[in-house]
Amino acid sequence: MAYRDVYGAWQSDPDGWWMEQADAIDWVRKPSKALFDDHPPMYEWFSDGLVNTCYNAVDRHVEAGRGQQAAIIYDSPVTDTKATITYAELQQKVARLAGALASRGVTKGDRIIVYMPMVPEALVAMLACTRIGAIHSVVFGGFASHELATRIDDARPKAVIAGSCGIEPARTVAYKPLLDAAIDEAHHKPEFCIIFQREQLTADLVPGRDVDWHEAQDKAPPADCVAVEGNHPVYVLYTSGTTGQPKGVVRATGGHLVALYWTMKNVYDVDPGDVFWAASDVGWVVGHSYICYAPLLHGNTTVVFEGKPVGTPDPGTFWRVIEEHNVRSFFTAPTAFRAIKREDPEGEYIRKHDLSCLRALYLAGERADPDTVNWAAEKLGVPVIDHWWQTETGWPVVTNPMGIEKLPVKIGSPTVPLPGYDLRILDHDGNELEPGHLGSIVIKLPLPPGTLPTLWNAEDRFRKSYLDHFPGYYETGDAGYIDEDGYLWIMARTDDVINVAGHRLSTGAMEEVLADHPDVAECAVIGVADELKGQLPMGFICLTKGVDRSHDEIVTECAAMVRDRIGPVAAYRMTLVVDRLPKTRSGKILRRTMISIADGVEFKLPATIDDPAIIDEIADRLKTLGYPRA
């Protein structure tokens, strides 16, 4: 069936289409219908069904005779460890930890915070919560104490499951002191903590509150799966809010199962038994959807990787993992590829490995610039599929649906919307724009199953953040346009569209130009305040390893390229050569923070920043151009 037929089938009968997809899930009680629309704009899916996430992700595969298949492959170059866990072994591990939680009074609806490194036990903890109907909230391992405290106060967990430490390429990060400080600061106090002790750094346990991972499970009987309603939250995942107060994205169980299962074949084109690898972290939505849940729901083998794209030990580590574990589909962020390309521009490490098992590379998390896409496609020799989604949506909004039909690739566009997503482009006043016109990307309500129905204990904030600006639509916060063929082009976050002397210009388009310069490995463009023109663009570039040309020459060439490709209207003159860009730990460039430094306004250092020292480096470089002006 062609993509247009599948999308058309959803459009003509959304409820019937989603009920058909729900047949792939094992329900304790099938839902009576798909959409529950009694209280618009607050919509729910499969609400009266009864189901269990852990049963669908683990037990049913064992019962179907596939217990000896690998469920999880653990590969940790930072600890030099590899391990394989079968579905049968995973079932035992999850049931025992769930039993340990249940024996300590955890029941359906209780929240559990999971604060773990990239180890298989992180997935065991998540699945153990879903087994007994508890709601997990995973917080990125090593997150600062204050940020962890705000999440403890918002989620009010009965317990915390934590690792003793995380392993970075150059250091070991002690998690337990951060957790202790967070609990001290938080008004809400968890009843107990289960601590997974790692041999690289063991933690001191607080008597009466903390219990060792293994000891907690010793005497507890294994727990059975507890059926929950389709609208019961499977998890709360916090995403940074603009006010500093994190937003708890809620994921409802029924829609989560149905949507994620559907994507594994239709988007990522894998069959049960294939190895699927998303190189991310369980602290991010990608880790929830495509390290833990979707691969296991679909009966795939998922890879849990504890390392970095470069430096553990070299820029060939991704290729080793793909070759060694027979990875069919690989998903990572463009920033990982930019890091690899910067270290290995000729792809010499790629040629050292047999990657014939790999069918496709999927990129998401930020805009995939054409330079990176072209480099990856040329060096790997497989389709490179850009796709676009958000923490809030939980699964792809726009992609090239490889398992349905491989559509022509337009580099720079993530391709077309998936069934369930009715995309529109609106101007500031909410009028729909013609193809080719830049505006706000919105999704017509209702959002499909698997997306957020609300924010945790914050319905008013949910409406204000996403629904109020354009009534009847979900506001994505991204700006772009749809072309004549129905392809979406994402140009920037809405606040990254700058106004230069009355002209609305996309910083993303300028970044594409800079990324095309042969000496530029990575770049970012921001808009800085200007008395005369309102805003002016400023570029930051990191050079490819081994480039020893004059920086002044490169800067001049960059300005000429932007002038040639975008026009003098961009007024692009300022480029700074920097060693590195400030990023979150998931690889997103902190453009807003850079704008604040350049404009001399106060800002809160993002909790997700990878290395705070970069802020001072950027500030020092800005001074060479006389910024901030004040």
Side-chain angles (χ1 to χ4, degrees), residues 10 14-57 106-112 126-127 129-138 154-157 225-239 247-263 285 288-289 292-294 297 390-395 419-421 443 445-463 465-467 474:
W10 161 71
D15 216 75
W17 193 86
W18 280 116
M19 286 298 281
E20 196 178 315
Q21 311 321 314
D23 287 342
I25 300 304
D26 285 0
W27 300 85
V28 176
R29 181 180 73 208
K30 284 202 168 180
S32 61
K33 59 180 181 176
L35 178 65
F36 286 72
D37 56 359
D38 315 337
H39 305 290
M42 309 302 289
Y43 297 95
E44 291 183 349
W45 294 90
F46 310 114
S47 300
D48 62 356
L50 284 177
V51 71
N52 182 273
T53 295
C54 184
Y55 178 84
N56 276 277
V106 177
T107 59
K108 176 187 165 187
D110 286 339
R111 276 79 60 209
I112 306 288
M126 294 163 75
L127 290 161
C129 292
T130 66
R131 192 172 188 85
I132 56 176
I135 302 165
H136 66 68
S137 186
V138 180
D154 197 68
R156 301 180 67 78
C225 296
V226 173
V228 300
E229 298 77 13
N231 60 359
H232 178 76
V234 61
Y235 67 76
V236 177
L237 178 59
Y238 287 94
T239 182
K247 295 186 290 194
V249 169
V250 173
R251 197 78 65 211
T253 300
H256 181 243
L257 296 174
V258 174
L260 286 186
Y261 184 95
W262 183 85
T263 61
V285 71
H288 283 60
S289 295
C292 186
Y293 290 114
L297 290 170
Q390 302 177 319
T391 301
E392 290 85 350
T393 68
W395 58 284
Y421 293 106
I443 303 167
L445 296 178
L447 289 175
T451 58
L452 82 168
T454 189
L455 294 174
W456 182 253
N457 287 338
E459 185 183 311
D460 287 348
R461 191 174 180 202
F462 169 68
R463 290 170 180 258
S465 297
Y466 303 106
L467 308 181
Y474 164 86

Taking the side chain as C-beta and beyond, is there a heavy-atom pair between [X] and [Y] under 4.5 Å?
X: P419; Y: W262; answer: yes
X: Y235; Y: C129; answer: no
X: L455; Y: V250; answer: no
X: Y43; Y: L447; answer: no
X: L452; Y: F462; answer: yes
X: L35; Y: P446; answer: yes

Evaluate N457 against D154 for side-chain contact (heavy atoms from CB on, under 4.5 Å), listing each step before the verdict.
CA-CA 8 Å; N457 287 338; D154 197 68; 5.5 Å; no
Taking all atoms of both residues into account, what is the closest heavy-atom pair of [X] and [Y], and its distance?
X: G255; Y: P449; result: CA-CB, 3.6 Å
X: T107; Y: D110; result: N-OD2, 2.8 Å
X: T253; Y: P233; result: OG1-C, 3.9 Å
X: T130; Y: H136; result: CG2-CD2, 4.2 Å
X: A227; Y: L50; result: CB-CB, 4.3 Å
X: M126; Y: V138; result: CG-CG2, 3.9 Å

Does [Y] offer a backbone N or O that forms a donor-acceptor pair with the side chain of [X] under 3.5 Å?
X: Y238; Y: A155; value: yes
X: R251; Y: E392; value: yes
X: S289; Y: G394; value: yes
X: S137; Y: V236; value: yes
X: D15; Y: A34; value: yes

Measure the spacing between [atom1] of [X] and [atom2] of [Y] and express it to the nearest 0.5 Å.
X: W17; Y: E20; atom1: CH2; atom2: CD; answer: 8.5 Å
X: D460; Y: T454; atom1: CG; atom2: OG1; answer: 9.0 Å
X: I25; Y: L257; atom1: CD1; atom2: CG; answer: 5.0 Å

Tell me which pairs pass salt bridge (Lys or Arg N to Asp or Glu O under 4.0 Å) where either residue lies in residues 253-263, with sequence neighbours left out.
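Listed once each, the pairs would be none.
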Qualifying salt bridge (Lys or Arg N to Asp or Glu O under 4.0 Å) pairs with a residue from residues 26-55, counting only residues at least two apart or across chains
D23-K30, D26-R60
Reference residue V234; test side chain to side chain contact (heavy atoms under 4.5 Å, CB included); the match among I135, T53, N52:
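It is T53; the other options fail the test.
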Kindly indicate, with the supporting measurements, whether the criterion ring-ring contact (aromatic ring centres under 6.0 Å, His included) is fulfilled by W395 and Y421.
CA-CA 11 Å; W395 58 284; Y421 293 106; 4.9 Å; yes
For the residue pair W27 and F46, does the interplanar ring angle fall in the parallel (under 30°), tilted (30 to 60°) or perpendicular (over 60°) class?
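Ring orientation of W27 relative to F46: tilted.
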Apply the test side-chain contact (heavy atoms from CB on, under 4.5 Å) to residues L467 and L445: give CA-CA distance (whole Å), side-chain angles for both, the deciding distance (0.1 Å), then the verdict.
CA-CA 9 Å; L467 308 181; L445 296 178; 4.1 Å; yes
